[in-house]
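Worksheet: one structure, shown below.
Labels below follow one simple rule: chain letters A, B, ... track the order of the sequence lines, proteins then strands, and each chain is numbered from 1. In what follows, every heavy atom counts, from backbone to side chain, and hydrogens, waters and symmetry copies are set aside.
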There are 4 protein chains.
Amino acid sequence: MNTFGNILRFTDFGESHGPAIGGVLDGFPAGLTVDFEHIDAQLRRRRPGSSQLTSSRRESDAVNFLSGIFEGRTTGTPIAFTIANSDAHSADYDVLRHSFRPNHADYTYTAKYGFRDHRGGGRASARETAARVVAGALAMQLLAKEGISIKATCPPSIADDIRRAKAEADTIGAVVECTVKGVPAGLGEPVFGKLQAMLAFAMMSINAAKGFEYGLGFGAASMRGSECLDTPYRDSDGRIRMRTNHSGGIQGGISNGEDINFRVAFKPIATLPLPVTTINDEGETVTLNVGGRHDPCVAPRVIPVVEAMAALTIADALLMAKASRPL
Amino acid sequence: MNTFGNILRFTDFGESHGPAIGGVLDGFPAGLTVDFEHIDAQLRRRRPGSSQLTSSRRESDAVNFLSGIFEGRTTGTPIAFTIANSDAHSADYDVLRHSFRPNHADYTYTAKYGFRDHRGGGRASARETAARVVAGALAMQLLAKEGISIKATCPPSIADDIRRAKAEADTIGAVVECTVKGVPAGLGEPVFGKLQAMLAFAMMSINAAKGFEYGLGFGAASMRGSECLDTPYRDSDGRIRMRTNHSGGIQGGISNGEDINFRVAFKPIATLPLPVTTINDEGETVTLNVGGRHDPCVAPRVIPVVEAMAALTIADALLMAKASRPL
Amino acid sequence: MNTFGNILRFTDFGESHGPAIGGVLDGFPAGLTVDFEHIDAQLRRRRPGSSQLTSSRRESDAVNFLSGIFEGRTTGTPIAFTIANSDAHSADYDVLRHSFRPNHADYTYTAKYGFRDHRGGGRASARETAARVVAGALAMQLLAKEGISIKATCPPSIADDIRRAKAEADTIGAVVECTVKGVPAGLGEPVFGKLQAMLAFAMMSINAAKGFEYGLGFGAASMRGSECLDTPYRDSDGRIRMRTNHSGGIQGGISNGEDINFRVAFKPIATLPLPVTTINDEGETVTLNVGGRHDPCVAPRVIPVVEAMAALTIADALLMAKASRPL
Amino acid sequence: MNTFGNILRFTDFGESHGPAIGGVLDGFPAGLTVDFEHIDAQLRRRRPGSSQLTSSRRESDAVNFLSGIFEGRTTGTPIAFTIANSDAHSADYDVLRHSFRPNHADYTYTAKYGFRDHRGGGRASARETAARVVAGALAMQLLAKEGISIKATCPPSIADDIRRAKAEADTIGAVVECTVKGVPAGLGEPVFGKLQAMLAFAMMSINAAKGFEYGLGFGAASMRGSECLDTPYRDSDGRIRMRTNHSGGIQGGISNGEDINFRVAFKPIATLPLPVTTINDEGETVTLNVGGRHDPCVAPRVIPVVEAMAALTIADALLMAKASRPL
């Protein structure tokens, strides 16, 4: 199932070394004047080689829109786009055709499908997330019309940690924090459509994500109830607000008008710049040396991906809320 | 959206103080001889008053199956069931009709729907999770046929913490850990159907859940890649296994045949056995005193709910895998 | 898959001779004051024994609402309801346990599920449509708020045909025509969500339906293009209208503001009041005599079912249109 | 909603005069060796200019596969493809920017979306059906593995009718008949997933379709029950068969192992090779002259589209049946 969302539905396709990756964004309202510069800017933040902290692999990531936009405006019909895979180096991956890299999807895809496109991780490559960034940027532009903004960050000290890991020929994990401002009260649905459940689903679908928490998160597990209360009050504009935001902007699965904040834990990149011992599909022990052009850490490149998935989730909840407005 | 799952679809309904809660489980295979005793046993584990650690509210929780089972066996058609709400005490809640309890869904439901069933939290009550336990027990029985078992626990020391919080007229959070054994390699789907994303969605849809992690979880964020590798090998039966299980049984979104393990963080129960200051729907400050029959901690009662949601998720993934088996 | 609709989702359950049939209507907007009398009135129109033209089987069809309605108003949460199966006579059906009635689902359910609830057709019984009538009546009440009304009819002469067929110990088919008035232009979606496709799906899901057509229907197949044109004009209120309505109110899959009209063909009831020759599940020839309390024609009882399915379809399209309104 | 199917899901995109049309086919099993020649052959049957009976517009319709196929075999991941729009002539359509052609989607799209891509009908153009033919051809190849074949036809005499209509500067409708052979008993689902409902939805989503019927169809409405019975028997191989096939291969919504047959009525092409009087978006009367390169009849070009939609429907039902196989 390669489709995300209920009303705003994003279908994502493509393998790392096929002709192109891309996606189809369906259910997007008509009439938005698309800011193509903003889409490119988000893609640049995700692109390898965009800082010394990332790999030197070049991806031009030029988006080619095929439908759903006419004379610069969205038409309400599916917005399809592709991003060509220009820097393939497929032959680099021949060594992987019959071997299973540790902590990758090589073995599990083979177990599921009987064989796999082994080049660069195929469908399991993080290359796919570029398509999410395009769709997410469109969702962000929709949200901006409603006064909603999204910003993800990782700790400033991570740059030092990344440099150190790189110097030591190792990789490192990261926690990315994300804040959504301007969300009106009332988004999200009871029970299985809780806003935090949708955000968790969105974030845990990103490669290398190992954990999700919102508001007080795991910290709340060792707290007392009396420490966690968010007391409501009516502000000078007559709006109901909370004096604190332990709840992270969501109560009972529905936004309460405060900032939504959550954190996503990512494991270290599994591809090490060192030889690793594993097995091939005959079960024989082999030594692989696949490193070279890989990142030492998913951060900072994963930051625009987190923002994109948050944008798709919140925009979908916003459209669902329009459909279910009380009489 | 009150439906969970793709092929095995569970639709859940009911408010805390309406006539009944219940659900419809669609897509369940025909031919399972239902173990009704097992369903009741799971419900008893969730029931209040089942130990000194939980509240004294009585819920009889007798399940009434309406369809989809004939002469003790599932027929392949929707399995509908209800659980009557017998111990209502609705008048206890009159005080809540116009007031917003802190950290509850009272304000957010009103913001979303214009009004709400205020009795006992209405749709936002954890009462609803009894229906999940019924559906989950059926899913567990299906999984048992395939050799898959599920077990959730909380730390043994939590009983002391709960007693202490209760004595201090407070409530406390908890982390519940869950392990799924016997899952074959190949469950889960690429990209948006990753098994960890489905599990995160399932768990974060449970009331009071604030965080989800699997395998190394948040701990992975501060680790080095060289510490996290799970090296595959072929065991004496010719099966591919992993020497360690840092990945928590899932790689690239797809099960690898090792135990799946994850943890869910729950916040302290928001209903304190003490007066709390809040506002009513006119924005006026009021003092509420709603405690009394409430639990001091979601654990241990949430444990069978975690198991139920894990069972529904894994059973759905299992049926999806049957549909997508390679040619 | 026993769920109908995209945003307004109706999940239907129950077998003819189980404890109850019923359904869950999810996505219904909050705040509608429910007219229970109207629901009962629609059910009465569907009930057997309601005229001399239908069978003498008694079904009391009292609806029991379990959730989603509070103090007479919809709350926005799932509306679950049951209708008890009071007049069971299950023993009448023992003869069917191992036999396949011609033109019924007896053989196909057995082929699909390995066994079946044979009593009264089980899940395949038209008894299930009573639940559709309840959900459809709620949808009609929602549509009435927007000025939309639905009316189905069958030819007045059908009463004579039915009496004649009954006298001849036979059954007869019927065509039901339905008109939806007051639909605004703009409902329906391009390509796979075309309004006529959704209506066709809804109608062909009714037992015994063999055909669907809208506007000129099958007649258009033998017409010239020059005979079919609906010329638009601006009326005195400035509204765009069509001079004729060959299109049946839908163009390019989207409503054009004219009346929507369509017809559904139903085959004769398969249960004849005469012995029929068939086989049992051992392949042996048997003679069955199951008639007696059965209708000679689906009309007029199917009329409120057609209206109900039209109401669910149009209400779903209306809510989808709210979600996709242009910026 | 531009996605078709439940497990085998086809998302379709593109406008007539945008850069490309195309689609994403998700849920397709891994391991099929793709017959690209067969795909091209099906496309050629749909292509304008392929016979004297169709228009002279040239569409090269070269399919460009982007993902989901590796070394000639399906990988189990989404199969995305595009077909470039090479013969655009967009300027031909400037006259339509502000005018509403009768019986087209011009007015309804404008009512729904506020504006539209007016070039060649935009999203409402039958150009989009080329993408369905590609996806359907892949589904057919999957079905062929299971011994299932699909063939649609129109009456042989239609060639004369088309020539006559063309000579008279008019257009004409058609009925297309389709037969599916080799379907095992047990496909389709009770109630809302009835196989005939899915087929009706599929067919009525094709441009210009006005009616659908299966088996005896509308004819059954004026028949007696005693004339319609399909008597089952056990054949010499021990298989249960029907002596007649009035039911069109489906009983109770589920296939019975006989040939599935249905008919689809198409209206005459709305674009006439003559000036037509209509209004523009200011409500002023205008005369349009848009004909020239248009077909006089949807048949024969729509035949491979009917086959494609039948193939997608049956393949989806086949995969659903695998998921719901009895224990």
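Heavy atoms closer than 4.5 Å to chain C are found nowhere in D/Asp235, neither backbone nor side chain. Contact annotation for D/Ser255: only backbone heavy atoms (N, CA, C, O) come within less than 4.5 Å of a heavy atom of chain C. For D/Val276, the part lying near chain C is the side chain, with the backbone staying farther off; criterion is any non-hydrogen pair under 4.5 Å. Residue D/Ala209 touches chain C through its backbone alone, counting heavy-atom pairs closer than 4.5 Å. Using a 4.5 Å cut-off between heavy atoms, C/Phe262 makes no contact with chain D at all. Only the backbone of C/Thr3 comes within contact range of chain D, with heavy atoms under 4.5 Å apart. For D/Thr110, no part lies under 4.5 angstrom from a heavy atom of chain C. Residue contact with chain C, scored on non-hydrogen atoms closer than 4.5 Å, involves the side chain of D/Met309 exclusively. Residue contact with chain C, scored on non-hydrogen atoms closer than 4.5 Å, involves the backbone and the side chain of D/Ala165 alike. Residue D/Thr129: no heavy atom, backbone or side chain, is found under 4.5 Å from chain C. Neither the backbone nor the side chain of D/Phe115 comes within contact range of chain C; no heavy atom of the residue lies under 4.5 Å from a heavy atom of that chain. D/Gln196 touches chain C through backbone and side chain together, each having a heavy atom under 4.5 Å away.
Closest approach of C/Ala105 and D/Gly252 over heavy atoms only: CB-CA, 3.7 Å. Across every non-hydrogen atom of C/Tyr107 and D/Ala185, the tightest pair is OH-CB, 3.7 Å. Scanning both residues, D/Phe100 and C/Pro232, for their nearest heavy atoms gives O-CG, 4.2 Å. Contact detail for C/Leu229 and D/Ala270: the closest heavy-atom pair is CD2-O, 4.0 Å. For D/Gly217 against C/Ala265, the heavy-atom pair with the smallest separation is O-CB, 4.2 Å.
Contacts with chain C were tallied for D/Glu213, D/Arg224, D/Met204; D/Arg224 has the most, counting heavy-atom pairs under 4.5 Å. Counting heavy-atom pairs closer than 4.5 Å to chain D, the top residue among C/Gly225, C/Gly186, C/Ala111 is C/Gly225. Of the listed residues D/Ala208, D/Gly188, D/Gly219, D/Ala169, the one with more heavy-atom pairs under 4.5 angstrom with chain C than any other is D/Gly188. The most heavy-atom pairs under 4.5 Å with chain D, out of C/Pro190, C/Pro326, C/Gly257, C/Ala124, come from C/Pro190. Among the candidates D/Ala321, D/Ala221, D/Cys228, D/Ala220, the residue making the largest number of heavy-atom pairs closer than 4.5 Å to chain C is D/Ala221. Note: D/Gly283 leads D/Ala202, D/Gly193, D/Gly283 in heavy-atom pairs under 4.5 Å with chain C. Counting heavy-atom pairs under 4.5 Å between each of D/Ile269, D/Ile240, D/Leu327, D/Asn256 and chain C puts D/Ile240 at the top. Contact count against chain D (heavy-atom pairs under 4.5 Å) is highest for C/Pro268 among C/Ala174, C/Gly248, C/Pro268, C/Ser247. Of the listed residues (D/Arg263, D/Glu168, D/Glu284, D/Met242), the one with the most heavy-atom contacts under 4.5 Å to chain C is D/Glu168.
Using a 30° and 60° split on the angle between ring planes, D/Phe4 and C/Phe192 fall in the tilted class, from 30° to 60°.
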If you apply the rule side chain to side chain contact (heavy atoms under 4.5 Å, CB included), what do you find for D/Arg132 with C/Val191, and how did you get there?
CA-CA 10 Å; D/Arg132 305 191 193 203; C/Val191 185; 3.6 Å; yes
Given side chain to side chain contact (heavy atoms under 4.5 Å, CB included), test D/Ile172 with C/Met223 step by step and report yes or no.
CA-CA 6 Å; D/Ile172 192 167; C/Met223 289 173 75; over 6 Å; no
Step-by-step side chain to side chain contact (heavy atoms under 4.5 Å, CB included) determination, C/Asn207 to D/Lys194
CA-CA 9 Å; C/Asn207 282 12; D/Lys194 288 191 174 81; 3.1 Å; yes
Taking it one step at a time, do C/Lys267 and D/His246 satisfy side chain to side chain contact (heavy atoms under 4.5 Å, CB included)?
CA-CA 10 Å; C/Lys267 66 174 182 179; D/His246 300 308; over 6 Å; no
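Remark: side-chain polar atoms of C/Lys210 are not paired, donor with acceptor, to backbone N or O of D/Phe218 under 3.5 angstrom. Under a 3.5 Å cut-off, the side chain of C/Ser205 and the backbone N or O of D/Ala197 do not form any donor-acceptor pair. Side-chain atoms of C/Asp170 come within 3.5 Å of backbone atoms of D/Ser226 as a donor-acceptor pair (strictly under, hydrogens ignored). Not one N or O on the side chain of D/Asp230 forms a donor-acceptor pair closer than 3.5 Å with the backbone of C/Asn103.
Using a 4.0 Å cut-off between charged nitrogen and carboxylate oxygen, D/Glu189 and C/Lys112 count as a salt-bridge pair. A salt bridge between C/Glu282 and D/Arg234 is absent, with no side-chain N of the basic residue lying under 4.0 Å from a carboxylate O of the acidic one.
Here the CE atom belonging to C/Met1 is positioned 5.5 Å from the CD1 atom belonging to D/Ile7, to the nearest 0.5 angstrom.
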